[in-house]
Protein chains: 2
Amino acid sequence: MPTQHTNATGPNCFTCQVREKTEWCVLDETELNLINAGKVSRKYLPGETIFSEGDSSEGIYCIESGLVGVRKSDADGNSVLLFLASPGDTVGYRSLLAGEEHKSSAEVLEPSTVCFIDQTTVRELLTHNPSLGLRFLQRASKDLGDADERILHNVSLSVRARFAHLLLVLIDQHGSKSDDGSSNLNLPLSRQDLAAMIGTSPESMSRTIKKLEDDGVAKFSGRSVHIPTLENLLSEIDPEAGL
Amino acid sequence: MPTQHTNATGPNCFTCQVREKTEWCVLDETELNLINAGKVSRKYLPGETIFSEGDSSEGIYCIESGLVGVRKSDADGNSVLLFLASPGDTVGYRSLLAGEEHKSSAEVLEPSTVCFIDQTTVRELLTHNPSLGLRFLQRASKDLGDADERILHNVSLSVRARFAHLLLVLIDQHGSKSDDGSSNLNLPLSRQDLAAMIGTSPESMSRTIKKLEDDGVAKFSGRSVHIPTLENLLSEIDPEAGL
DNA sequence: CGCCAGGTTGATTTCGCTCAAGCAATGTGG
DNA sequence: CCACATTGCTTGAGCGAAATCAACCTGGCG
């Protein structure tokens, strides 16, 4: 049995609850030892940034717990919230693998524990275990498909329809569904964050939310959302759907 | 005479001129033999489609010569031209690696020779040569970064600025630069195609082109473009740039 | 308390889309 | 060779969704 290099204070990759859902599930015991020994675990509080646009890419970040938002902004202060990363997700992989500096920034939204794995270790693992590369390839391909869809949506759907689509995605990934068919969502996202996720202004976001409430499609109170029936959201995107 | 799906007359991977610029440059002789024997080469004429949205992904397509456009559309007829693929580029890899059906369609813009490599061969190569996976990973990561940038540009830049940016990219990839600092571009892209590349309507595209001509930023005649100085284009995107 | 960030609401403007017409180039069939 | 469709592009007019500008709330917090 190989020696396990445990981190005295931090989490241990061998016992990591989320590992099975990550790209790392394909590693064997030796490889796990390598990554476990090399990783650096850290806790972050909401508002802290993990990396910023322009930083050089030194490794990747594996979210063990919490919630992280990945943002991209320009010089004029415009910004989009590209995606949310939850436990099991890896952020910062894009820049490292493209061999570029970070083109987005990662900001912690909920108290989180994040493991940093330096690029030397990552490359070592990638060059010796093809399965790991294929996992990341799968992930990147999936993300790329999502990005393409978003580009199309931005030019073909209204703010209201884009928001409906966003709610469906968020409920699917982070929400809960009740027996009666209703759904709930509770995320630490400000109205500005929601606006930045669909590429609109905070004012338009506010008005859209109000209209959806008036139409009985969704009920917002603070940062929690209640959706009576998902069909209503679906028909916002494609008016023909569900008939 | 019907198009021949034959390797006898088709290109040979060993002598393929563009191979050094593709992901396949990392293959050794044995692997080249595998891919060379397994590939199917075909010539396409402008207007022909290589694959369509919704098709199942059976392999990948390597462009040996010509030009191919990759498009994504929705039910209402809206569409975006996601990118152009030139010799050395591989299309259809995203869907195959994400394990999804095609989420975009590939349409030939110039007479092209394209090699199809079936998924069995691709997977065989990927699982045995980590370098190949890493190459594709690099490519996917780069594409993902481009897509993210496009999402930001769509919400933060005007049609005119997006078009200026597009011209810069197209000149960089497909244009020629003269000694006097001027640049030329000649692509088989209709105004509608150009519009679809920046997510706008053909009418707006037409007006934008006219305005750029009036301002002396670019000269359009048919499908060829002459740019006196690239600085003008740069300052369209960031008014502060170049001062 | 005052201050400030986040949020809502209202008024106004504008960019770009839609609708519609005209035009040039190309193709087609009689 | 000509009438005619057809297709792609341009141009004009009008409209509308959403951005911007500007108040004005709120609730937390030093």
Side-chain angles (χ1 to χ4, degrees), chain A residues 45-47 69 71 73-74 76-81 107 109 151-166 187-215 218-225 236-237 239, chain B residues 45-47 69 74 76-81 107 109 151-166 187-215 218-225 236-237 239:
Chain A
L45 291 177
R71 241 180 256 281
S73 348
D74 66 13
D76 303 336
N78 302 99
S79 84
V80 288
L81 187 46
E107 175 193 331
L109 299 172
I151 290 171
L152 180 59
H153 278 181
N154 273 333
V155 306
S156 62
L157 297 181
S158 66
V159 165
R160 176 163 170 148
R162 298 209 299 275
F163 186 50
H165 181 258
L166 174 65
L187 283 176
L189 293 174
S190 66
R191 302 294 145 119
Q192 302 194 27
D193 288 336
L194 291 174
M197 291 194 87
I198 58 169
T200 190
S201 66
E203 295 96 326
S204 294
M205 184 78 265
S206 187
R207 287 182 239 272
T208 304
I209 286 176
K210 190 183 173 66
K211 279 191 211 130
L212 286 178
E213 286 212 315
D214 290 349
D215 297 350
K219 175 84 176 57
F220 296 80
S221 83
R223 288 178 176 181
S224 66
V225 193
E236 291 288 337
I237 301 167
Chain B
L45 291 177
D74 67 11
D76 303 338
N78 302 99
S79 85
V80 288
L81 188 46
E107 175 193 331
L109 299 172
I151 290 171
L152 180 59
H153 279 181
N154 273 332
V155 306
S156 60
L157 297 180
S158 66
V159 165
R160 176 162 170 150
R162 298 209 300 276
F163 186 50
H165 181 258
L166 174 65
L187 283 176
L189 293 174
S190 66
R191 303 293 145 119
Q192 302 193 26
D193 287 337
L194 291 174
M197 289 195 88
I198 58 170
T200 189
S201 65
E203 293 96 329
S204 294
M205 185 77 266
S206 187
R207 288 182 239 271
T208 303
I209 286 176
K210 188 183 176 65
K211 281 191 209 131
L212 285 179
E213 286 212 315
D214 291 348
D215 296 350
K219 176 83 174 56
F220 295 81
S221 83
R223 287 180 176 178
S224 67
V225 193
E236 290 289 337
I237 301 167

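So you know, we letter chains A, B, ... as the sequences are listed, proteins then strands, and number each from 1.
- A straight line from NZ of B:Lys211 to P of D:dC9 spans 18 Å, rounded to a whole angstrom.
- Every side chain to side chain contact (heavy atoms under 4.5 Å, CB included) that A:Arg160 has, sequence neighbours left out, goes to A:Ser158, A:Thr208, A:Lys211, A:Leu212, A:Asp215, A:Val217, A:Glu236.
- Put simply, the side chain of A:Met197 reaches to within 4.5 Å of the side chain of A:Leu189, judged on heavy atoms.
- Spacing between atom CG of A:Asn154 and atom P of C:dG16 amounts to 15 Å, rounded to whole angstrom units.
- B:Arg191 has its CZ atom 8 Å from the C1' atom of D:dC9, to the nearest Å.
- If you measure from atom CZ of B:Arg223 to atom P of C:dT26, you get 11 Å, rounded to the nearest angstrom.
- Taking atom CD on A:Glu213 and atom P on C:dG7, their separation rounds to 14 Å, with Å as the unit.
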Contact state string [nucleotides 14-24 of chain D, B base, S sugar-phosphate only, - no protein heavy atom under 4.0 Å]:
----SSBB---
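- Under 4.0 angstrom from either OP1 or OP2 of C:dT9 there lies at least one side-chain N or O belonging to A:Lys210.
- Ring planes of B:Phe163 and B:Phe220: parallel class, angle under 30° (limits at 30 and 60°).
- Going from atom CG of A:Leu189 over to atom P of C:dG6 covers 14 Å, rounded to whole Å.
- Side-chain contact between B:Arg191 and B:Pro202 is absent, with no heavy atoms from C-beta onward closer than 4.5 Å.
- The OG1 atom of A:Thr200 lies 12.0 Å from the CG atom of A:Leu166; values are rounded to the nearest 0.5 Å.
- Listed for the B:Arg223 side chain is no donor-acceptor partner under 3.5 Å among the backbone atoms of B:Leu187.
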